[in-house]
Number of protein chains: 4
Amino acid sequence: MPRVGMMAIRKDALVNATISEIGRRGSLDVTMGQIAKAAGVSSALAHHYFGSKDHLLLAAMRAILVEFGAAARAELARASTPMERLTAIATASFGGRNFCPDVISAWLTFYVMAQRDPQAARLLRVYQQRLVSNLIHSLRPLTNDAPRIAATAAALIDGLYIRHALADAGPPDAEAATRRVTDYLELAIR
Amino acid sequence: MPRVGMMAIRKDALVNATISEIGRRGSLDVTMGQIAKAAGVSSALAHHYFGSKDHLLLAAMRAILVEFGAAARAELARASTPMERLTAIATASFGGRNFCPDVISAWLTFYVMAQRDPQAARLLRVYQQRLVSNLIHSLRPLTNDAPRIAATAAALIDGLYIRHALADAGPPDAEAATRRVTDYLELAIR
Amino acid sequence: MPRVGMMAIRKDALVNATISEIGRRGSLDVTMGQIAKAAGVSSALAHHYFGSKDHLLLAAMRAILVEFGAAARAELARASTPMERLTAIATASFGGRNFCPDVISAWLTFYVMAQRDPQAARLLRVYQQRLVSNLIHSLRPLTNDAPRIAATAAALIDGLYIRHALADAGPPDAEAATRRVTDYLELAIR
Amino acid sequence: MPRVGMMAIRKDALVNATISEIGRRGSLDVTMGQIAKAAGVSSALAHHYFGSKDHLLLAAMRAILVEFGAAARAELARASTPMERLTAIATASFGGRNFCPDVISAWLTFYVMAQRDPQAARLLRVYQQRLVSNLIHSLRPLTNDAPRIAATAAALIDGLYIRHALADAGPPDAEAATRRVTDYLELAIR
DNA sequence: AATGAATGAGGATTCATTCAT
DNA sequence: GATGAATGAATCCTCATTCAT
């Protein structure tokens with residue numbers, strides 16, 4: 001029963017379905033049919049709204065990145081000291097829906113997509129740069145080696161992600177991952 | 001002098017072609033046809049030798065892991081002090097053919113494959129565990145926090161890999177990556 | 001003054017859009033969506049008014065044929081001698097909007113449609129017969145071989161159309177085409 | 001049961017199937033599946049050999065054009081006087097397999113295809129030019145108005161084709177069509 | 001009168017895989 | 001040992017068409 005204003009609802013549903021299906025199946029080889037079914041619509045509608053599979057994938061990626069950005073901003077808002085800010089960034093990285101197997105899988109998948117899709121690569125680089133510059137900004141008052149430490153911390157975060165994508169033992173431990181990053185940062189600025 | 005059969009030659013060619021094609025195209029979406037052509041044989045032969053695409057992919061993965069293991073052992077053989085051993089591991093991680101865009105892409109791809117193929121996952125976990133236990137072994141004389149530091153260093157290595165998979169600027173800088181890891185290790189054991 | 005309902009306006013707009021879109025894209029592969037958009041309405045409305053794509057195509061065809069018929073009648077009304085009547089028919093064939101690339105393309109398309117749609121075939125045959133009988137009627141006073149000459153002239157007209165559908169050089173030259181037909185007719189009745 | 005050397009056989013079969021299916025269905029809307037089935041192979045094989053539907057269509061077009069060219073040459077070889085040459089051209093135009101409903105339909109279809117495919121347009125123009133220049137060459141000794149007469153005759157030939165594409169009465173009458181053309185030519189050079 | 005929403009059916013194309021030679 | 005031939009199954013995508021509003 002078609003109602004007016006379904007577009008936004010359907011788009012959201014499709015984006016979410018994309019993420020969860022990628023997560024569930026653990027690969028880019030999700031078909032539009034699977035995604036559409038998971039969203040409760042026909043694959044034709046998915047095309048109608050997104051134009052192509054790549055566009056839908058990109059939209060899903062963007063959604064994850066946006067969500068991560070929002071989480072980061074929220075955490076940062078509560079921080080006052082530089083060190084608190086650093087902890088906030090680490091917490092945001094592994095917090096919320098970010099560190100679920102679903103999203104980790106999707107993340108990995110996007111890295112792969114970025115290998116051939118310039119737009120995906122751009123999107124991912126924006127995320128990376130934002131992460132690094134957030135870190136640098138907070139590190140600056142604490143050390144004069146901010147850029148290098150930030151780069152290392154960023155790589156560490158990505159590495160922890162990837163390692164968890166492979167872990168067989170239940171849900172990933174966000175706290176442990178966060179602590180690993182903050183431990184490094186504390187060590188580095190001392 | 002035992003004459004090497006065609007089989008071994010072809011298998012090698014196919015495995016190498018697999019790696020380089022994955023690298024060149026930057027995705028799992030390499031077709032058997034592409035691989036076979038790159039190896040100079042028919043795709044039917046690839047099946048004849050490997051049974052299926054997944055098996056060939058797995059063989060390629062195994063080859064990369066073996067090569068990495070050999071490099072690591074070679075580096076370690078030249079090391080005498082614990083710190084030298086740690087540096088050797090880092091060097092091996094980013095040395096040889098390991099840190100070429102080709103191999104990084106393939107690596108990424110294998111992580112994705114591991115999401116759905118248990119055998120691939122197992123293979124990758126073996127690598128991870130070996131890396132970690134190598135690190136632990138070398139760290140033990142230097143610190144009593146070896147497991148944690150090793151885990152962090154391993155994640156850092158993986159993170160540096162992934163970050164380089166996305167870098168747009170020419171060939172990855174192996175030395176810089178190595179230094180980043182040794183810097184962390186030195187910091188951690190101090 | 002009877003106010004024309006929306007229906008007539010929309011139907012006209014759709015028919016015109018059909019012709020111009022067929023012309024613009026040069027093929028039957030025009031979609032209802034394209035036509036509807038060009039007419040400034042939704043594709044659902046096009047269905048509402050015409051029932052199906054075939055019906056709309058048929059209506060467009062009919063419109064072209066009607067327009068051609070009107071042009072022919074108008075030219076004929078001004079003619080008094082048999083030879084003037086023949087010239088009038090030729091002029092009408094290539095005059096007005098008839099000889100624009102748009103309409104030529106549409107014409108071609110209708111010929112193709114007629115291959116499978118009996119109604120379209122019937123429509124086209126009506127046009128052909130009218131053209132031939134117009135020619136015969138005007139030739140009768142001038143020759144006793146009217147039917148054959150008329151048939152040849154009609155084929156010549158169609159042939160000139162089709163040749164111009166392919167010409168790459170700008171807009172078709174209506175005058176030259178007309179002259180070619182009258183030249184033949186003058187030759188034939190001499 | 002795969003045998004070596006099937007390629008040429010299959011390609012031929014597919015090209016013929018393309019022509020006959022276009023003819024049978026009377027439109028470009030023939031599917032690869034229909035063509036392939038008519039050729040007794042899978043649609044995948046058709047793609048394997050021709051790369052795409054457009055390429056197959058083009059190949060079919062080329063085949064018709066080649067066949068026509070061969071017929072024309074054969075007829076011309078038997079002609080000695082200029083007038084005989086002209087008759088030969090007309091005969092070839094409507095002779096052989098050329099004037100079957102199948103081929104006429106295909107021909108029409110190619111005209112439509114030429115509206116959007118530059119390669120198809122080029123092919124068709126080559127045919128047209130060859131026809132015209134053949135005519136001019138043979139007309140030259142007989143008149144000093146060769147180009148104009150040739151152009152008219154060429155258009156007439158195309159027109160007769162198109163008119164026969166629509167005729168409902170059984171197989172087209174090649175002789176009558178030929179005579180119509182030669183009648184015109186005789187008239188024109190007198 | 002008019003449309004956004006939605007879909008089923010179908011089409012081109014790709015690809016891993018099999019098989020006879 | 002090696003390959004050309006061949007295909008079934010699957011995927012993305014398009015489009016005419018329907019329907020509730």
Side-chain angles (χ1 to χ4, degrees), chain A residues 1-10 29-36 39-57, chain B residues 5-7 9-10 29-36 39-57, chain C residues 5-7 9-11 29-36 39-57, chain D residues 1-10 29-37 39-57:
Chain A
M1 347 123 192
R3 300 243 188 129
V4 178
M6 293 306 277
M7 194 172 90
I9 297 173
R10 296 305 189 204
D29 289 341
V30 199
T31 71
M32 286 298 265
Q34 288 160 356
I35 294 173
V41 299
S42 73
S43 72
L45 194 66
H47 276 97
H48 180 60
Y49 282 136
F50 287 92
S52 77
K53 188 183 180 181
D54 272 5
H55 280 53
L56 175 52
L57 254 21
Chain B
M6 276 285 102
M7 192 171 97
I9 295 174
R10 297 300 196 203
D29 289 341
V30 199
T31 71
M32 287 296 267
Q34 288 160 356
I35 294 172
V41 300
S42 73
S43 69
L45 194 66
H47 273 94
H48 182 59
Y49 279 140
F50 288 92
S52 79
K53 187 183 181 181
D54 273 5
H55 281 53
L56 174 52
L57 253 22
Chain C
M6 275 285 103
M7 191 170 100
I9 296 174
R10 297 301 194 203
K11 277 193 156 188
D29 289 341
V30 198
T31 70
M32 287 296 267
Q34 288 161 356
I35 293 172
V41 300
S42 74
S43 70
L45 194 65
H47 273 93
H48 182 59
Y49 280 139
F50 289 91
S52 79
K53 188 184 180 179
D54 273 5
H55 281 53
L56 174 52
L57 253 22
Chain D
M1 350 129 189
R3 300 236 189 139
V4 178
M6 293 306 276
M7 193 173 89
I9 296 173
R10 295 304 190 205
D29 288 341
V30 200
T31 71
M32 287 297 265
Q34 288 160 357
I35 294 173
K37 178 181 269 189
V41 299
S42 73
S43 71
L45 194 66
H47 275 96
H48 180 61
Y49 282 137
F50 287 92
S52 76
K53 187 183 180 180
D54 272 4
H55 280 53
L56 175 51
L57 254 20

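So that the names make sense, note that chain A is the first sequence line, chain B the second, and so on, each numbered from 1.
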Exercise for the section: Find the distance C/Leu56:CG to F/dC15:P and express it as a whole number of Å. Expected result: 16 Å
Problem - Student check: side-chain heavy atoms of C/Lys53 and C/Leu56 closer than 4.5 Å - result: no
Completion exercise
Rounded to whole Å, CE of D/Met32 lies from P of F/dA9 at a distance of 19 Å
Exercise for the section: Rounded to the nearest angstrom, tell me the gap between atom NE2 in A/His47 and atom P in E/dG4. Expected result: 21 Å
Practice task
Whole angstrom is fine here: how far is it from OH in B/Tyr49 over to C1' in F/dA2?
Solution key: 8 Å
Handout entry: Where C/Ser52 and C/His47 come nearest, the two heavy atoms and their spacing
Key = CA-CD2, 4.1 Å
Practice task
Measure from CG on D/Leu45 to C1' on F/dG8 and round the result to the nearest Å.
Solution key: 13 Å
Practice task
Drop me the distance from D/Gln34's CD to D/Lys37's NZ, to the nearest 0.5 angstrom.
Solution key: 9.0 Å
Fill in the blank from the handout: Heavy-atom nearest nucleotide on DNA chain F taken for B/Gly40 and for C/Ser52; more 5' hit belongs to B/Gly40
Handout entry: side-chain N/O A/Arg10 vs E/dA6 OP1/OP2, d < 4.0 Å
Key = yes
Practice task
Would you mind telling me which of F/dT17, F/dC13, E/dT13 lies closest to the side-chain atoms of A/Lys53?
Solution key: F/dC13
Completion exercise
Between CG of C/Asp29 and P of F/dC15 the distance, given in whole Å, is 8 Å
Exercise for the section: Determine the contact category for A/Thr31: base if any of its heavy atoms lies under 4.0 Å from a base atom, sugar-phosphate if only primed atoms, P, OP1 or OP2 are that close, otherwise nothing. Expected result: sugar-phosphate
Problem - Strand partner of F/dC15, provided both Watson-Crick or wobble distances fall under 3.5 Å - result: E/dG8
Fill in the blank from the handout: note: C/Phe50, atom CZ; E/dA2, atom C1'; distance rounded to Å ~ 15 Å
Handout entry: 5' precedence on DNA chain E between A/Val41 and D/His48 (nearest-nucleotide basis)
Key = A/Val41
Problem - Residue whose nearest DNA chain F nucleotide is more 5′ - B/Ala44 or C/Val30 - result: B/Ala44
Exercise for the section: Please answer whether the main-chain N or O of C/Phe50 pairs with a side-chain N or O of C/Lys11 as donor and acceptor at a distance below 3.5 Å. Expected result: no
